[in-house]
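Remarks on the structure that follows.
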Amino acid sequence: MQEKIVSGEIIFRSNETKILRKIYLKGQTGRPPESIWFGEDVGTTREANQVLKDIFGMVVPFETPKPVRLIQRVIEISTDIDSLILDSFAGSGTTGHAVMQLNKRDGGNRHFILVEMDSNICRNVTAERLKRVSEGYDKPDGKRVEGLDGGFRYCKLGETCFDEIGRINPGVTFSDLARHVFFTETGEPLTKQAKTNNPLIGVYKETAVYLLYNGILKDRQPDGGNVLTQAVLDELPEHDGPKVIYGTACRFSPARLKRENIIFKQIPYEIRVR
Ligand SMILES: C[S@@+](CC[C@H](N)C(=O)[O-])C[C@H]1O[C@@H](n2cnc3c(N)ncnc32)[C@H](O)[C@@H]1O
């Protein structure tokens with residue numbers, strides 16, 4: 001301190017009530033932005049634990065929750081009112097809670113994706129918390145906390161569909177690939193588990209989506225039914241409307257496909273990744 005006073009780096013205002021420190025740009029490499037977020041503004045770990053106790057009835061089912069107000073502050077300064085917010089270390093789901101609460105407060109349309117690798121935490125803590133805060137819950141003292149009205153879809157990661165050069169992973173089942181194809185084609189999930197014995201995997205807005213894979217039509221057809229030929233077409237479940245057919249190859253000319261109202265897409269290359 002004495003050195004800095006002597007060098008003029010530390011200066012006292014004339015009445016000595018205020019100390020100023022001179023800093024120079026050349027000495028600032030790697031200096032983080034200065035800010036302190038106080039517990040009274042962004043919450044504390046105690047507050048985070050209390051929120052979990054309220055939601056889960058005095059039990060704290062997760063060890064390191066963040067306060068909702070802290071994550072809200074992060075979201076407020078880094079996103080827009082309609083942003084998609086990803087938290088790939090979701091834990092107790094504070095981020096989802098914060099997003100729902102902010103949307104409720106300002107009428108925003110933010111969405112979130114939360115990822116949690118521990119399936120027990122994911123189902124029993126992350127998802128359960130979001131369910132309770134969106135629907136509303138009773139605190140242990142009996143007071144009702146009204147729901148935030150947000151919603152979410154719970155998804156479980158399956159097998160990796162493709163390897164690093166885009167080939168279909170041999171371990172992927174027909175129904176896994178069918179669900180992936182249907183989603184990338186339509187943007188909607190298959191509502192039920194795709195049947196393992198039906199190449200017509202689903203219909204979306206009057207267009208039927210077919211998948212020829214894993215010899216779905218068995219040995220009646222070339223390559224076990226993965227190639228679109230006349231014989232394969234005859235075997236396919238009928239659909240009165242446009243068809244999108246995914247397969248490994250197609251024997252029809254573009255004109256013939258057009259006449260048949262078929263769009264053919266070659267797997268794996270034309271399976272889009274959204
Ligand atoms: C510190 S906690 C997150 C706390 C969270 N912000 C909250 O308020 O509850 C980190 C979480 O990330 C999860 N996790 C760690 N590595 C992961 C990974 N590679 N993918 C997904 N989740 C992961 C852990 O299981 C743990 O639940």
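Whatever order the structure lists ligands and atoms in, that order sets their numbers, starting from 1. These numbers were taken from a predicted model, which means no experiment stands behind them.
Atom OH of Tyr154 is separated from atom CD of Glu128 by 11.0 Å, given to the nearest 0.5 angstrom. The distance from the OG atom of Ser88 to the CD1 atom of Ile113 is 10.5 Å, given to the nearest 0.5 Å. Expressed to the nearest 0.5 Å, how far CZ of Arg110 lies from OG1 of Thr79 amounts to 5.5 Å.
Of the heavy atoms in Ala48, none comes closer than 4.0 Å to ligand 1.
Here the protein heavy atom with the shortest distance to atom 6 (N) of ligand 1 is Lys66 CG, 3.5 Å. Regarding atom 18 (C) of ligand 1, its nearest protein heavy-atom neighbour is Met117 SD, 3.7 Å. Given atom 21 (C) of ligand 1, the protein heavy atom at minimum distance is Ser88 O, 3.2 Å. The nearest protein atom to atom 1 (C) of ligand 1, hydrogens excluded, is given as Thr64 OG1, 3.5 Å; this is a heavy-atom distance. Closest protein heavy atom to atom 8 (O) of ligand 1: Thr94 OG1, 2.5 Å. Taking atom 5 (C) of ligand 1 as the reference point, the nearest protein heavy-atom neighbour is Ala90 O, 3.6 Å. Scanning the protein heavy atoms around atom 27 (O) of ligand 1, the nearest turns out to be Glu116 OE1, 2.8 Å. Closest protein heavy atom to atom 3 (C) of ligand 1: Phe89 O, 3.3 Å.
The pair Lys243-Glu260 does not meet the salt-bridge criterion, since no charged nitrogen lies less than 4.0 angstrom from a carboxylate oxygen. Contact check on Lys265 versus Glu270 returns no salt bridge, with no Lys/Arg side-chain nitrogen under 4.0 Å from an Asp/Glu carboxylate oxygen.
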Practice problem: Under the ring pair (Phe, Tyr, Trp, His ring centres under 6.0 Å) rule, what do His180 and Phe162 come out as? Steps first, then yes or no, please. | Solution: CA-CA 11 Å; His180 180 80; Phe162 305 99; 5.4 Å; yes
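Taking all atoms of both residues into account, the shortest heavy-atom contact from Thr94 to Lys66 is CG2-O, 3.1 Å.
At distances below 3.5 Å, not a single donor-acceptor pair connects side-chain atoms of Asp80 with backbone N or O atoms of Asp82.
Those atoms of ligand 1 that come under 4.0 Å of a heavy atom in Pro65, given as number and element, are 7 (C), 8 (O), 9 (O). Taking every non-hydrogen atom of Ser92 and a distance limit under 4.0 Å, the qualifying atoms of ligand 1 come out as 7 (C), 8 (O), 9 (O).
By the 6.0 Å and 45° rule, Arg179 does not stack over the aromatic ring of Phe182.
Residue contacts with ligand 1: Phe62 is placed with no nitrogen or oxygen under 3.5 Å of a nitrogen or oxygen of the ligand (distance criterion only). Geometrically, ligand 1 and Asp87 share no nitrogen or oxygen pair separated by less than 3.5 Å.
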